[in-house]
Number of protein chains: 2
Amino acid sequence: MSSPAVHSGPGEHDHESRPLRADARRNRERVLEAASTVFAEEGIEASVAEIARRAGVGVGTLFRHFPTKHDLLLATLEVGFDEIVVAVDEALATDDSWAGLAHVLTVCAEIQARDRGFLDAVGPELFAEPSLQLRNAERMELLTRLVERARADGVVRDDLRAEDLPFLLSALGGATRTCGNTQQAAPTDLWRRYLGIILDGIRPSGATPLPVSAPTLEQLTARCRSASGS
Amino acid sequence: MSSPAVHSGPGEHDHESRPLRADARRNRERVLEAASTVFAEEGIEASVAEIARRAGVGVGTLFRHFPTKHDLLLATLEVGFDEIVVAVDEALATDDSWAGLAHVLTVCAEIQARDRGFLDAVGPELFAEPSLQLRNAERMELLTRLVERARADGVVRDDLRAEDLPFLLSALGGATRTCGNTQQAAPTDLWRRYLGIILDGIRPSGATPLPVSAPTLEQLTARCRSASGS
DNA sequence: TTCGAAACGGATTGGTCGCTCCGGTTGTTG
DNA sequence: CAACAACCGGAGCGACCAATCCGTTTCGAA
């Protein structure tokens, strides 16, 4: 999973073309940075005009670097994705399989809590995006290892599946959203409370049989694809 | 119910004025009905034009009856609210305090699952709406009774508070939303799975202390008010 | 049956959005 | 330094939206 390279060489290519001019590279960077903050603060409904303004460039420049608002958003999310990958790696490196699982969920929730764009995009968007499906598959494979191990150790309920994690995170996102999101007066950790409840809910102790079986990976992706096609 | 008739007599008032004309009353009804279906199917972002079309009236007519899209939405939600109130009453009438609590949560979740408008509006909107705050206060009082009783019976964790329920429902809403919402191919009960996990999470058995204390009622309303003012 | 008030409907307004287009500017190369 | 391709900015386009306005139709009381 550690193949982030390909990505930020000083000569940045679009296809196979020649390196970008110096000012172009600088502007691209500014746009990306502005988009990160703006999306984080206002969610994915923030307007591209606002982003361009904050970046100090014209909208034309913005769209030359990112042909679509959606492309820009995806580029913005990369950081969070990498963060999650790191968290999963850390988790798998630990002996304590419960702590590892809890750590991953906590990190994901933290990202959602501080970045409204991530919160809006994750779930539907994340799994629907064709350009991300390969990466998603890898991520799911790691998550499966994590969950299987925890189950083998008897620290989570028997019927928990890796495919549940995205949904549990969406659930947490729901709580986070109404808890009061980023940049608001008195930024709150209230979501941690509900993460705590969910964590207790996936523990084995006194687990009640779940009424519906877990989604398969296919269901997960298919479902999200159709959801984003609105 | 028939002699005071402040409410749904055949002569429906707006303020203190004279009764509506027959066609007006019929159209108002049609609009409300169309709005219910459309909001349920498409969420609160559905356009008023679409609603008017489905109702077979002009937008002018729609706006005469409901001065604002928001007013129309609120009128639409009434049904769900009533349903919740009934569920709470039923719950309080039962001896089994755990079953009662679970019942209320289930009913709320069912409403969210079949009505995307409700799903979108609940949480932020619901508690922020000034015109609903009185009703919300009543509802919270009933919920408090429910939770206190369950706690006294030892069937839920000690640190659960009534104020947590709205957030837990929002959480469930998050899962429901990404599960695939209403009117979609293969309408799913997957959310029941996560409701199950949350229910286990609020049980006392092996409960881990929660990292953040519950929100006060003031925090709850204040937070939502600011959220909706975007 | 008459007639005025009430209700209707949809063209229109004012606004926002993502995105395009093109005349002007700037970096780079020889 | 010259000269051209690459790059910039922002006015403008088309689409959508909630909400308004006003000429026309319909109801129902007299």
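Quick note on labels: first sequence line is chain A, next is B, and so on, each numbered from 1.
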- Is there a donor-acceptor pair closer than 3.5 Å between any side-chain N or O of A:T68 and the backbone N or O of A:D71? no
- Query: Under 3.5 Å, is there a donor-acceptor pair between the side chain of B:D164 and the main chain of B:R161?
  - Reply: yes
- Note on the structure: A correct 5'-to-3' footprint of nucleotides 25-30 of chain D, with B, S and - meaning base, sugar-phosphate only and no protein heavy atom under 4.0 Å, is -BSS--
- Donor-acceptor under 3.5 Å (A:D82 side chain, A:V79 main chain): no
- The answer to which of A:G60 and B:G60 contacts DNA chain D further toward the 5' end, by nearest nucleotide, is A:G60
- Could you pull out all residues at least two apart from A:R26 that satisfy salt bridge (charged side-chain N to carboxylate O under 4.0 Å, His left out)? none
- Message: If I take atom CD1 in residue A:I51 and atom C1' in nucleotide C:dC19, what distance separates them, rounded to the nearest angstrom?
- Response: 14 Å
- Query: Rounded to whole angstroms, how far apart are CZ on B:R25 and P on C:dA6?
  - Reply: 18 Å
- Looking at B:N27, does any N or O in its side chain come under 4.0 Å of the phosphate oxygens OP1/OP2 on C:dA7? no
- Rounded to whole Å, CG of A:D71 lies from C1' of C:dG18 at a distance of 13 Å
- Indicate for each nucleotide in nucleotides 12-19 of chain D, in 5' to 3' sequence, whether protein heavy atoms under 4.0 Å reach the base (B), only the sugar-phosphate (S), or nothing (-). -----SSB
- Grab the CG-P distance between B:L62 and D:dC21 for me, whole Å please. 17 Å
- Message: Measure CZ/A:R64 against P/C:dG27 and give the value in whole Å, please.
- Response: 14 Å
- Task: Grab the CZ-C1' distance between B:R53 and C:dA11 for me, whole Å please.
- Result: 18 Å
- Message: In whole Å, I'd like the distance from the CD atom of A:E50 to the C1' atom of C:dG18.
- Response: 15 Å
- Item | Nearest heavy atoms of B:A109 and B:L172, plus distance in Å | CB-CD2, 3.6 Å
- Item | Whether A:F118 and A:F81 hold their rings parallel, tilted or perpendicular, with breakpoints at 30° and 60° | perpendicular
- Item | B:R192 backbone acceptor or donor facing B:D189 side chain under 3.5 Å | no
- Heavy-atom side-chain proximity of A:V86 to A:E83 below 4.5 angstrom: no
- Message: Any non-hydrogen side-chain atom of A:M140 less than 4.5 Å from a side-chain atom of A:P166?
- Response: yes
- Message: With a 4.0 Å limit, can you tell me whether B:T61 has a side-chain N or O closer than that to the phosphate oxygens OP1/OP2 of C:dA7?
- Response: no
